[in-house]
Protein chains: 2
Amino acid sequence: MTARPDRAAPSLPLFDTAVVAGVGLIGGSVALGLRQRLLARRVIGLDASMDVLREAEALGVVDEVRAGAGEWLRAADLVVLAAPMRALAPLAAELAPYLNPAALVTDVGSVKAGIAAEMERLGVRSFVAGHPMAGSERGGVTHARAALLENAVWVLTPTDHTPLTALSRARTLVEELGAAPVVMPPEAHDALVATISHLPYLASLALTHMVARDERLSLLAAGGFRDLTRVASGDPRMSRDMVVENRAALKDALGRFRRQLERLEADLDEPEELLAAAHEGKRTRDSLPVVRRSLLPQRHDLVVAVPDRPNQIGAVTQALGAAGVNIKDIEVLAIREDGGAIRLGLESPDDVTHAAGILGAAGFEVRGRG
Amino acid sequence: MTARPDRAAPSLPLFDTAVVAGVGLIGGSVALGLRQRLLARRVIGLDASMDVLREAEALGVVDEVRAGAGEWLRAADLVVLAAPMRALAPLAAELAPYLNPAALVTDVGSVKAGIAAEMERLGVRSFVAGHPMAGSERGGVTHARAALLENAVWVLTPTDHTPLTALSRARTLVEELGAAPVVMPPEAHDALVATISHLPYLASLALTHMVARDERLSLLAAGGFRDLTRVASGDPRMSRDMVVENRAALKDALGRFRRQLERLEADLDEPEELLAAAHEGKRTRDSLPVVRRSLLPQRHDLVVAVPDRPNQIGAVTQALGAAGVNIKDIEVLAIREDGGAIRLGLESPDDVTHAAGILGAAGFEVRGRG
């Protein structure tokens, strides 16, 4: 059963020993959430910096600290990789030899395809890549707080090889931290953040470059322009690493952005078209939620029974993708010895019928859910 | 003499009868400023909408209201055109036959080259185009307040035909309203707002269009993305009219934006270059003033005596422009019967020497000012 946010606190912690590797803003917030919500018996902070470890201990963010990987890691049944993007792969390689195969391993990086492939290469089987979509202008463990993750969308990106049990445990962890899990393939996630995060960063950078070295322009460019380019003010190295890691999806998003700009430029000579575009832009922007909310209203659901072995989610999504059925949400509903069930959120009742036919023909047991 | 913001209130109002034509957010705020700062004996609101006039009167924004142009306009010694962009030219044409040649006429539109040419065509000689760079998410006379204009940069864009007396009076008006005048040619203003206002609007529109009709994208696109696309949420018709009016300068800005994006896209494969670009973007953005400030620190000034007749400012700026001298600020210092003096803010002591030579050779009386 999926944990429900409104259920009573479990009598036993979800985890015995949780390790947070990289105790910065996000790692520190995860550690605080684990402690404050009694989700782990003890939380160990692992970091390359002794200063960070001392601060994390002094602030009560973790119970214990470690400066490097070692046999002690075998006791961990939860390992959260929370190092900066550029340190993530080396960190995974350092930890991999000591990981308990039964431990749930996850990360919090903002680009997902690379780390999933890396963990596969390292033979870490029960890994579920994740991305809590939360942040703050100020980084570091000093600004960590459990509330940062509350109500945040936390994307989980299983691959075809992710065990259903691992995905289910990751989902429960996210929910127990007060966040809202959304499940999608790594490539879908990366395309999505390219559009809503990495492209706006590059656009802001391009705009700031246009006013650089022009004293009068930058003088008048206060106010609205300053708000618009806020993301250009983030940590340059972290921002750079993020967009470089996601450059394939970002180049695709840049191509689409260019086509939108070209259309708008052409519309400058077609005022009625431009007015329609302005109306559509306002409608879309005004409909964006002020706070990210996880769960789409799902009225068109299909429940699929799946054996608990690799490639089952992949087989389901690939069969539907090939048939042009758009999956809007995936949820792991139940895990049993002999398998489990997943809920697919689809776009229409027709899609439910269509998908049921396809999956039935492929040998899956399905039922609709209203 | 230029009015100083800190001087005592004048014993006589600057104007006898001020007319604000178009009593919306900006027009209403000008009217309130004129009344609260005792700058006019009476303020008349002119608007095509009876509802707006009733509200303006009820809120005490104006002393009197009029629903159309007429002989009564001859009593006005200040006329402020504050109608929306699309209504500006028809409004100017409606008022022109009744304007007193001694009246100072100005406007508050956000694009300047067109209206300046239009007023010239209509034979309104003492017109000084203006653009108070102030605004609010909420429009209409209901939200008008004198404070909206306080400390705002108010660009004035005289042409070669603008009488020095008119520019001087406009500058005094702006200062007395608590705003900070910045003088530049209409084309320079339009290029500037294309870069810092109209281009960001189009970019925001393009970004919102990329998440339109994708429920999952727009769901996750809260938070930062929402901030970034705030300008796409403005009034569609006003925004459209503004960018169409300024389309020539905007197309040029779009070209430069595209080149910046292309450079950044290429840098995705050159991580060191991209890091440098990220650092430059952060430096530039962090150095933008939180509140727009008008006056550049002017340490390299040249004062030029000019006869009070058309084309004098034009003659000065053209001579210096042809010689590659960059004028950073212009201020009208004094108006006398036989002419006046302007202060030029230049970039370096060398420029002051250079400019003095050029203008001296052209027959102008000049002196440096430290």
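Within every chain, numbering begins at 1; the chains are lettered A, B, ... in the order of the sequence lines, protein sequences first and strands thereafter. Only a predicted model underlies this, so the values are computations on that prediction, with no experimental measurement involved. Side chains are part of it too, since the values below use all heavy atoms of this structure and drop only hydrogens, waters and symmetry mates.
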What part of [X] lies closer than 4.5 angstrom to a heavy atom of chain B: side chain, backbone, both or neither?
{"X": "R237(A)", "answer": "both"}
{"X": "L274(A)", "answer": "both"}
{"X": "R259(A)", "answer": "neither"}
{"X": "S239(A)", "answer": "neither"}
{"X": "S204(A)", "answer": "side chain"}

Exercise. How long is the span from the CD atom in E245(B) to the NE2 atom in H198(B), to the nearest 0.5 Å?
Worked result: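 Spacing of CD (E245(B)) from NE2 (H198(B)) equals 9.5 Å.
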Exercise. What is the distance from atom CG of L207(A) to atom CD1 of I196(B), rounded to the nearest 0.5 Å?
Worked result: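 That separation rounds to 11.0 Å.
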Ion pair present between [X] and [Y], side-chain N to carboxylate O less than 4.0 angstrom?
{"X": "E280(B)", "Y": "R285(B)", "answer": "no"}
{"X": "R86(A)", "Y": "D241(A)", "answer": "yes"}
{"X": "R247(B)", "Y": "D267(A)", "answer": "no"}

For this session: Return the option, out of H279(B), R258(B), M210(B), with the maximum number of heavy-atom pairs under 4.5 Å with chain A.
Result: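 Result: the option with the highest number of such pairs is M210(B).
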Exercise. Top residue by heavy-atom pair count (under 4.5 Å) with chain A, among T195(B), V155(B), D235(B), V193(B)?
Worked result: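 Highest number of heavy-atom pairs under 4.5 Å: T195(B).
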Problem set entry | Stepwise side-chain contact (heavy atoms from CB on, under 4.5 Å) check, L344(A) with L320(A) | CA-CA 11 Å; L344(A) 303 175; L320(A) 296 183; 3.5 Å; yes
Exercise. Between S197(A), G234(A), A276(A), which shows the greatest number of heavy-atom pairs under 4.5 Å with chain B?
Worked result: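 Option with the top pair count is G234(A).
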Exercise. Counting heavy-atom pairs under 4.5 Å to chain B, which of A278(A), P271(A), P236(A), A253(A) comes out on top?
Worked result: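 Of A278(A), P271(A), P236(A), A253(A), P236(A) has the most heavy-atom pairs under 4.5 Å with chain B.
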Problem set entry | Step-by-step side-chain contact (heavy atoms from CB on, under 4.5 Å) determination, L202(B) to F257(B) | CA-CA 11 Å; L202(B) 277 206; F257(B) 184 54; over 6 Å; no
Problem set entry | Under 4.5 Å from a heavy atom of chain A, the part of E273(B) involved |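 For E273(B), there is no contact with chain A at all, as no heavy atom is under 4.5 Å.
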Exercise. With only heavy atoms counted, which part of L192(B) is less than 4.5 Å from chain A, the side chain, the backbone, both or neither?
Worked result: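 The answer is both parts of L192(B).
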